[in-house]
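Residue numbers start from 1 in every chain, and the chains themselves are labelled A, B, ... in the order their sequence lines are given, proteins ahead of strands. Remember, predicted model here, so these are calculated numbers, not experimental data.
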Amino acid sequence: MSTTQTINGPAVLELHNVAKKFGSVVALTSATLTVQPNSIHALVGENGAGKSTVVKIVAGLYQRDGGEFLFRGESVDFGSTAAAKQAGIAVIYQEPTLFPDLSVTENIFMGRQPTGRFGRIDRKAMRDEAKQIFARLAVRIDPDRPADGLSIADQQIIEIAKAISLDARLLIMDEPTAALSGVEVERLFAVARSLRDEGRGLVFISHRFNEVFALCDTITVMRDGAFISTDPIDAVSEDEIVRRMVGRDVTNLFPKQETTVGDELLSVENLTATGLFHDVSFTVRAGEIVALAGLVGAGRSEIARAVFGVDNYESGTVRIGGKRVPKRNPAAAMALGLALVPEDRRKQGLILESSVSRNATLAIRKKLASFGIIRSASENRSARIWADRLRVKTASLDTLAGTLSGGNQQKVVLGKWLATEPRVLIIDEPTRGIDVGTKAEVHRLTSELAGRGMGILMISSELPEVLGMADRVLVVREGRITAEISRAEATAENVMFAATHAEGVAR
Amino acid sequence: MTVVQTPASAIIRGVRAFFGARETGILAALILVIAVTTMVNPTFLFSPDGFRDLLLTPSILVLIAVGQAMVIITRSVDLSVGSVVGLTAYLTGRLFIDVHGIPIILVFVAGILAGAVLGLVNGALVAFGKVPALVITLGTLYAYRGINVLWTGSNRVNASDMPADFLALGTNQLLFIPYLTIIALIVVLIAAWYLRNRRGGRELYAIGSDPAAAQLYGLKVTQRVLVAFIVSGALAGLAGVLFAARYGTSSSQTGTGLELQAVGAAVIGGVAIFGGSGTVYGAAIGAVLLLTINRALPILGIPDFWQQAVVGALILGAIVLDRILALRLSRKLIAKREVSHE
């Protein structure tokens, strides 16, 4: 449970008790990580454990509030991504950020192109070096083509080429394999190993344990913004790692009502949208809370949006109470009794510059209008009912929605959709970013709604929430439902396992 | 690697690039307009005046369009250039009236500097205020024009107020080519060279292509955007001085509407309004095409009130064409990728 010091020079990267706060939200309490040269170091943890914050601090995007940050033995403070890059740190994000209009070569060298007389960019030297790097990586990418239209895998290769061209000593790969096929993963791993053998330090962040165990030599676990353990990979088992990642009491907080499960309300069959999700089938019954669990980016929100009709899909059907819901028609879905409380309430759920009462009645405008005109009095009357029932804490109904706390905003969004008297409610990350007290209230409310016979589909990245609330857990991994687990059988370990474990991945 | 570039293949590549380039289409359209109009009325091209007008008329707009293109490439827009031209044109006249015997070169420097300062104000508001350039420069369009009206009142500068040598710059020519055109050409060449060959130039494209990525790359986004606005302002300032020389007059309304012509020229010339692509050559040819069509339409017997509509159609056509080309290219690139993954 401690960092190991090896003899071959200073560690590439050392973080000791690094802390980071955003306003009142604590993202990191004590992150500790030591990466040796010649090593591929796995960094694992649940969603929200603080891995991304660590990456952004190392990359110079955020500045730490406390703790030590040593790069190649020297204490450093990067004020910008440029400074970190200059020092020799390269970060490869899950979704690479390239300039679509510019050529592959330019993307690799942007900002530090080789120049000759009059500051003229030496295009030939640049192109030759790009070709050399690609040859070394054994990939075939035309250096002159624009970056637009490259596959994610190729884009990552461009990012790696960038790292090589600036001779980065530390490479951080943040979930690089999430969007890759088996062959592409193997190619990436081969590249990673050869970079390691050149004496560089690599950090590999992934939720796929078989990949972690195949590639890495050391593993660090984080939980709730804190360091948990660092071990040689041979010294720990997958089960042990999962336990450390989850490791907390998961039964508090959730006042789950027992309900009688009734008729089938929502049924989704063979829903497919290329690149997002595949062959998704499930049902939600009256009085039932069904959780869609899985990792961020697994495709859960995309499924919800397609079911509600915001986004298109290629094949499959959605039925509510036996009636088919047309594609790409949220109004029709609403008429059939479907409601969607979206993930990003500030962007997709509320009009921040509008009043609470206007927001709360947005989804029932038609019903409130008489002769096409909505009177404030009827708006307020309806809003008042829901504000009271959901215990929205606001000075008045005229308060702008943007000024409410996160929890109260969420209640307003919830009220807006409940006012439509839906039969099936889809809630996407219902308690993200809201305080514990309000969280419990949202949970109580959800449970109560199910008790009254509503069917609820809940998307949540928080395992305790999933385990505490759901009657049934559907686990989504990479756009497919990989497991269906009943409330009785669901445990943190088996849900996490289904969410992270790919069968046919390259070893 | 071992791919040997033979001269022949380089030439073939060059030829292919020429015919594939967005600018070639605009150039072809320009040649077509000139050819058709000349067939209807040969003096359009084959007379000393016709040839001179062909080159002289668009020169001032070319200067402004070059600056505009640089700003649009960074995913901004500079709507204040018309007002900057007005201010600097009047400044030019005032300098000749108020400072007796002022050297002409000093007037140029003053005009360019004044334009640069006005551009700096735009750039600073955009870069530090984090407000879209469309809104900022719409504001400065009116603000600068307001200053101009306040300063000029109902005065106007007349040709008699300015030295003959200066006025000659606006109308005379070197061999067959007007001075104005030579200045515009030099500016186009320098800007094109900078955008293609200098880090700063390439970074303008990068910033326009994906501002968030530019931030992650650690590019000096603020500084570069600032420079683009300063250049746009400075070129508008130069254009203002040349306007005074060419027309021998300036009032409080000089340059009104030029900003839209400049944006139109850039868009017609293939500078994508969302930034990241296009060249100043395109913008320059776009400016020439825009004004040449304006002059050609009366000759072709098209009534006055259709002329604006034709310009509008041209801009819409250019945008639709760009969109189609972009979609086709991205489909082709994706298809290429699918094949390589088989």
Side-chain angles (χ1 to χ4, degrees), chain A residues 56 59-61 78-86 91 93 96-103 106-107 109-124 126-128 130-136 139-151 153-154 162 181 183-184, chain B residues 1-3 5 10 13 16-17 73-75 190 193-224 271-272 274-279 322 326-342:
Chain A
K56 284 173 181 163
L61 207 59
F78 297 128
S80 68
T81 52
K85 197 184 282 183
Q86 192 62 41
V91 181
Y93 296 97
T97 45
L98 299 177
F99 303 112
D101 299 298
L102 303 184
S103 76
E106 287 210 88
N107 265 288
F109 293 97
M110 183 53 68
R112 25 177 214 89
Q113 300 95 329
T115 53
R117 281 211 306 168
F118 306 115
R120 186 176 205 270
I121 292 170
D122 189 343
R123 282 173 186 271
K124 190 172 175 314
M126 197 161 86
R127 193 162 173 272
D128 288 349
K131 277 187 166 176
Q132 247 170 38
I133 294 171
F134 287 147
R136 215 178 104 195
V139 293
R140 283 175 44 206
I141 299 174
D142 177 5
D144 297 325
R145 62 160 290 162
D148 197 13
L150 282 174
S151 69
D154 284 346
K162 237 192 306 186
S181 70
V183 186
E184 291 166 337
Chain B
M1 303 238 324
T2 54
V3 180
Q5 289 280 332
R13 239 185 16 177
R16 198 173 290 159
I73 282 168
T74 66
R75 206 181 272 197
I190 292 174
W193 187 86
Y194 177 80
L195 283 180
R196 182 169 161 76
N197 290 318
R198 288 292 297 256
R199 279 187 190 173
R202 299 318 296 170
E203 287 179 17
L204 292 182
Y205 283 96
I207 290 163
S209 190
D210 190 336
Q215 213 58 265
L216 276 181
Y217 266 69
L219 302 186
K220 298 176 198 129
V221 177
T222 308
Q223 187 191 321
R224 299 289 182 212
V271 178
F274 294 118
S277 72
T279 64
D322 270 347
L327 280 177
R328 235 181 51 183
L329 179 68
S330 95
R331 221 175 289 143
K332 215 162 85 184
L333 288 172
I334 288 171
K336 200 167 151 191
R337 159 180 127 204
E338 297 297 322
V339 168
S340 71
H341 278 230
E342 287 297 309

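Of the listed residues (B:G200, B:A272, B:A206, B:G218), the one with the most heavy-atom contacts under 4.5 Å to chain A is B:A206. The most heavy-atom pairs under 4.5 Å with chain B, out of A:Q86, A:R140, A:K162, come from A:K162. When each of A:I141, A:N107, A:D122 is scored by its heavy-atom pairs under 4.5 Å with chain B, the top score falls to A:N107.
The ring-ring contact (aromatic ring centres under 6.0 Å, His included) check on A:F99 picks up B:Y217, with sequence neighbours excluded. Residues forming a side-chain hydrogen bond (donor to acceptor under 3.5 Å, both in side chains) with A:R120 (at least two apart in sequence, or on another chain): none.
Both the backbone and the side chain of B:A214 have a heavy atom closer than 4.5 Å to some heavy atom of chain A. Interface remark: A:F118 contributes backbone and side-chain atoms alike to the contact with chain B (heavy atom separation under 4.5 Å). For B:L216, the parts lying under 4.5 angstrom from a heavy atom of chain A are both the backbone and the side chain.
The CG atom of A:D148 sits 10.5 Å away from the OG atom of B:S277 when rounded to the nearest 0.5 Å. Taking CG of B:N197 as the reference point, atom CZ of A:R117 lies at 13.0 Å (rounded to 0.5 Å). The line from NZ of B:K220 to OG of A:S80 is 10.5 Å long, rounded to the nearest 0.5 Å.
Between A:T97 and B:Q215 there is no side-chain heavy-atom pair separated by less than 4.5 Å. Using a 4.5 Å cut-off on side-chain heavy atoms (C-beta onward), A:D101 and B:Y205 make no contact.
Looking only at distances, a side-chain donor or acceptor of B:R199 sits under 3.5 Å from a matching main-chain atom of A:Q113.
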- Message: Using the rule given for side-chain contact (heavy atoms from CB on, under 4.5 Å), can you reason through A:I121 versus B:R196, listing the C-alpha separation, both sets of side-chain angles and the distance that settles it, and then say yes or no?
- Response: CA-CA 8 Å; A:I121 292 170; B:R196 182 169 161 76; over 6 Å; no

